[in-house]
Protein chains: 2
Amino acid sequence: MSIDFINYLNQVSPLSKEAEEDILPRIKTKSFKKGQVINSEGQICKNLFYIDKGLVKHYYYHKDRVFILRFFSETNLFTVLDSFANQTPSKFITIALEDTETSTIDYADFEELCKKHHSFETFSRKLYTMAAVVNLKRIKEMFDADASELYKEFINENQHLLQRISLGDTASYLGISQVTLSRIRAKK
Amino acid sequence: MSIDFINYLNQVSPLSKEAEEDILPRIKTKSFKKGQVINSEGQICKNLFYIDKGLVKHYYYHKDRVFILRFFSETNLFTVLDSFANQTPSKFITIALEDTETSTIDYADFEELCKKHHSFETFSRKLYTMAAVVNLKRIKEMFDADASELYKEFINENQHLLQRISLGDTASYLGISQVTLSRIRAKK
DNA sequence: ATGATTTTTTAACATAGGTAAAAAAAGTAT
DNA sequence: ATACTTTTTTTACCTATGTTAAAAAATCAT
């Protein structure tokens with residue numbers, strides 16, 4: 001829903017009335033079936049998505065192994081960060097893990113809104129700040145936690161998603177093999 | 001030098017004349033001796049620094065091991081990302097690896113400049129975008145590279161710093177022990 | 001230059017986690 | 001319910017990298 005999207009934006013950083021009115025008509029909805037590719041490797045990501053419903057994973061292959069950078073679920077924004085920001089080909093693949101409904105604005109509109117509305121520019125700054133901080137946190141986690149701690153943290157922070165994400169995907173998110181994850185789970 | 005700082009900002013995103021004039025008087029210089037702590041753990045980072053000269057490392061301890069998140073050298077900006085952005089206590093330590101001279105603006109000024117000047121807000125957005133993208137890249141590297149690839153990449157991307165960073169620090173940046181790094185180097 | 005300190009390498013050993021393959025369990029469809 | 005598919009666990013084996021300690025090399029100070 002466009003309204004939820006706008007509410008989300010306002011929550012990150014309050015928008016001016018003019019900005020709000022300028023955003024609304026630019027919001028489009030896009031739906032994806034379970035398993036459908038939302039953005040493929042090499043493709044430039046042209047949208048900022050707000051997930052109204054569903055679950056998405058953001059991953060890539062390296063030497064036959066799968067690495068998942070992040071999951072995104074309802075009431076959250078997502079995009080392919082560097083691809084969207086710099087309009088460069090994505091190094092990652094984004095697919096729907098469940099039937100997913102999104103509200104989106106595209107890059108051209110996003111840039112125009114930034115230019116026209118200081119309050120939207122402020123929102124963008126906050127958005128990217130959050131992204132940078134989340135990524136920094138992830139780096140720290142990857143550094144200092146061994147696999148079993150990582151799993152413990154993952155469980156704590158993603159309780160609402162646990163039933164919806166397979167152990168294989170969880171392992172790929174943690175950067176370990178599924179066998180290792182099974183071993184970790186067995187020790188408890 | 002204030003001029004270099006301003007030039008750097010303009011390079012990231014062009015500033016309006018008014019913004020430039022408003023920034024200049026807010027820039028202060030700060031110098032640090034080799035080994036001096038610039039921002040300690042638990043301390044809120046109140047400055048955005050531009051390095052005129054020198055080298056800085058950004059690290060933390062975990063279970064007696066040292067992990068280095070990043071090095072910053074001359075003609076680059078640095079701050080303690082989440083601590084500065086959210087004015088929360090830093091989880092990291094920042095120290096000078098060499099005698100270091102910086103030009104800085106503090107958080108209050110930074111926020112005021114964002115509020116007053118759309119062009120400065122745009123600069124900030126770009127800055128955080130760059131930070132987010134760099135962090136994303138680092139996550140990917142940590143995921144998919146084994147230690148010897150990581151070292152190879154590090155050499156490529158930091159040739160200018162190689163003579164200035166000890167192998168111990170390099171190992172801490174790569175997230176491996178110095179012994180492992182020595183082994184990697186031996187195999188060539 | 002000489003000795004003291006720091007950095008880097010080497011050696012010996014321990015362990016976390018990878019791969020491959022099979023077994024078990026859970027989920028889905030007819 | 002039965003068979004088929006997918007997910008998860010278990011086993012066996014192997015490798016990369018950690019730890020500790022000592023040797024070697026490089027750097028620094030008087």
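In what follows, chains carry the letters A, B, and so on, assigned in the order in which the sequence lines appear, proteins first and then strands, with residues in each chain numbered from 1.
The pair A/Glu153-A/Lys137 fails the salt-bridge criterion, with no side-chain N (NZ, NE, NH1 or NH2) lying under 4.0 Å from an Asp/Glu carboxylate O. Between A/Glu111 and B/Arg125 there is a salt bridge, with a side-chain nitrogen of the basic residue lying less than 4.0 Å from a carboxylate oxygen of the acidic one.
Within the 4.0 Å cut-off from OP1 or OP2 of D/dG18, at least one side-chain nitrogen or oxygen of B/Ser177 is found. When the side-chain nitrogen and oxygen atoms of A/Arg185 are compared with OP1 and OP2 of D/dT8, none of them lie within a distance under 4.0 Å. Residue A/Thr180 has no polar side-chain atom (N or O) positioned under 4.0 Å from OP1 or OP2 of C/dG17.
In this entry the distance linking NE2 of B/His62 with P of D/dG18 reads 14 Å, nearest Å. Protein atom CZ of A/Phe143 is 14 Å distant from nucleotide atom P of D/dT17, rounded to whole Å. Rounded to a whole Å, the CD atom of B/Gln178 is 7 Å from the C1' atom of C/dT7. In this structure, CG of B/Asp146 is placed 14 Å from C1' of C/dG17, rounded to the nearest angstrom. Rounded to an integer number of Å, the gap from CG of A/Leu181 to P of C/dA16 is 16 Å. B/Asp169 places its CG atom 13 Å from the C1' atom of C/dT6, with the value rounded to the nearest Å. Atom NZ of A/Lys34 is separated from atom C1' of D/dT6 by 11 Å (rounded to the nearest Å). Taking atom CD1 on A/Ile176 and atom C1' on D/dT8, their separation rounds to 14 Å, with Å as the unit.
Between B/Arg183 and B/Gly168, the one whose closest nucleotide on DNA chain C sits nearer the 5' end is B/Gly168. A residue-by-residue look at B/Ser166 and B/Val179 shows that B/Ser166 has its nearest nucleotide of DNA chain C further toward the 5' end.
Axis angle, first five pairs versus last five pairs of the helix from C/dA1-D/dT30 to C/dT30-D/dA1: 50°, rounded to 10°.
A cation-pi arrangement is found for A/Arg138 relative to A/Tyr173, the charged atom lying closer than 6.0 Å to the ring centre and inside a 45° cone about the ring normal. Seen from the ring of A/Tyr107, A/Arg26 does not count as a face-on cation partner, given the 6.0 Å and 45° thresholds. In this structure, A/Lys57 is positioned above the aromatic face of A/Tyr59, its NZ or CZ under 6.0 Å from the six-membered ring centre and within 45° of the axis.
For A/Phe120 and A/Phe110, the gap between ring centers is short of 6.0 Å. Aromatic ring centres of B/Tyr128 and A/Tyr128 lie farther apart than the 6.0 Å criterion allows.
Within 3.5 Å, no donor on the side chain of B/Arg65 pairs with an acceptor on the base of D/dG18, nor the reverse.
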